[in-house]
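Both counts, for ligands and for their atoms, begin at 1 and track the order of listing.
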Amino acid sequence: MPPAHPFDDDKLHEECGIFGAVGVKDAANFVALGLHALQHRGQEAGGIVAHDPEQGFNNARRFGYVRDNFTSQKIMETLPGPLAIGHVRYSTAGTKGQTAIRDVQPFFGEFSMGGAAIAHNGNITNANALRRELIERGSIFQSSSDSECIIHLMARSLQRNIPERMEDALRRVEGAFSVVAMTRTKLIGVRDPLGVRPLVLGKVGDGWCLASETCALDIIGAEFLREIEPGEMVVITAEKGVESHFPFRPQPSKFCIFEHVYFSRPDSILGGRSVYETREAIGRELAKESPVEADLVCPVPDSGTPAAIGYSLQSGIPYAMGIIRNQYMGRTFIEPTEQIRNMGVRLKLNVNRALIEGKRIILVDDSVVRGTTSRKIKEMILDAGAKEVHFRIASPPTAWPCFYGVDTPQRDKLLAATMTEDEMCEHLAVDSLKFISLDGLYRAVGEAKGRDKECPQYCDACFSGEYPVQPADMLAQGFELKPAAE
Ligand code: SF4
């Protein structure tokens, strides 16, 4: 398993990426490429299940990067057939940081009507309660993953085919889920009724594919057809194509607004617009809301780059790569020792001293989580001779944990949960610190009137503390929701 990055805990992490293909020769090869394009959504482990009419179901699950496992001919030869699904994970609920291979998806279940495999992106917020109930009724769990509940709920359903059993199971599940699943002949895709996590449909040759993001369609030359709707289930076969239906009670959509800010790749399309364009628009909004006199706008690479360009275009202040990222650092660095840890950010980022010296710098970053990285970057910029450092952040203060499939520290570890903006500015010892407002963020993602306070158009719980689905398991463990009047 790749070791955790020394300062990896100062970012939020999407926990999974999913991909499926049907009606193509050696579908597992397409899945491997799709997962490779989704590697930013999970680097800890990956798995593929494939079905071949002669050889039946086969699977391979490995720790580490897709490119280090699923490029091997020896592995890919074990995954023949025209239908396959796959999953990459960061680290989901359960054994965080000490994952066993049995926690690596897709999960497989053998039912009376045949086998089925399932891969899940999101988080089931009532998984503890479901697991307790299922164990009391005789289910034997193989993993610590919340997603395995879906397989056990399917096993208990009395429906006669797998898609209907899946509907039954998913009606019991609360929280966020985008799912790809497969039987011997069908590729199935489902999004939860709120559509919190993404899922898109593509066409590749005579076949079809489902992916977390459109960048995974591009890599295999698939045509992007559309997003799977919130609450929609598609059942796809090579013969009949796509059959769609809506098995859940309709609810207002609550797509994760942070996908626009950070999680999705900038070359993906969300809500009909490129993520890159949206991030540039966020930078423009930020410049309108929080102007400051300065000499250069610099991104904290890579995710702050489009917003920094937007800030520069709007403000007229020149843009420059004041910080250079070591592209090859990644997570494959040697196991971090204490000494290496102390080097912290310098392992990954270096200041372009010739540009910075004597200048007033605006640094644009996507988010502030614990604040440890921001503080170190500021020190590096000042060490390089900057006259002033102004932070501009392309998301509102992250003050609440996410329970919908994003790895967040506990609330008391989030800088914005314990400090006001002014206190954070003082804590980071910068000349100024400004976050985009929630309304500004909504405008940048295309909501001209800003956030609808009565019924927000997106999930923004990590900023607002307003959770669209009650996090039942967390409430049972003592988590306190924001008081209504706060
Ligand atoms: S809480 Fe934040 S990160 Fe989680 S789904 Fe909602 S907007 Fe996305």
Kindly write out the residues that satisfy side chain to side chain contact (heavy atoms under 4.5 Å, CB included) with A417, not counting sequence neighbours, or none if the list is empty. R411, L414
Applying side chain to side chain contact (heavy atoms under 4.5 Å, CB included), name anything that partners R171, two or more places apart in sequence or on another chain. E167, D168, P247, F248
What do you reckon, are the aromatic ring centroids of H36 and F70 less than 6.0 Å apart? no
R197, portion touching ligand 1 at heavy-atom distance under 4.0 Å: side chain
Near atom 8 (Fe) of ligand 1, meaning under 2.8 Å, how many protein N/O/S atoms are there? 1
So, is the end of the R67 side chain (NZ or CZ) under 6.0 Å from the ring centre of Y65 and within 45° of the ring's axis? yes
Roughly how far apart are I48 CD1 and F19 CZ, rounded to 0.5 Å? 10.0 Å
Pairs where residues 461-473 contributes a residue and the test salt bridge (Lys or Arg N to Asp or Glu O under 4.0 Å) is met, not counting sequence neighbours: R451-E466
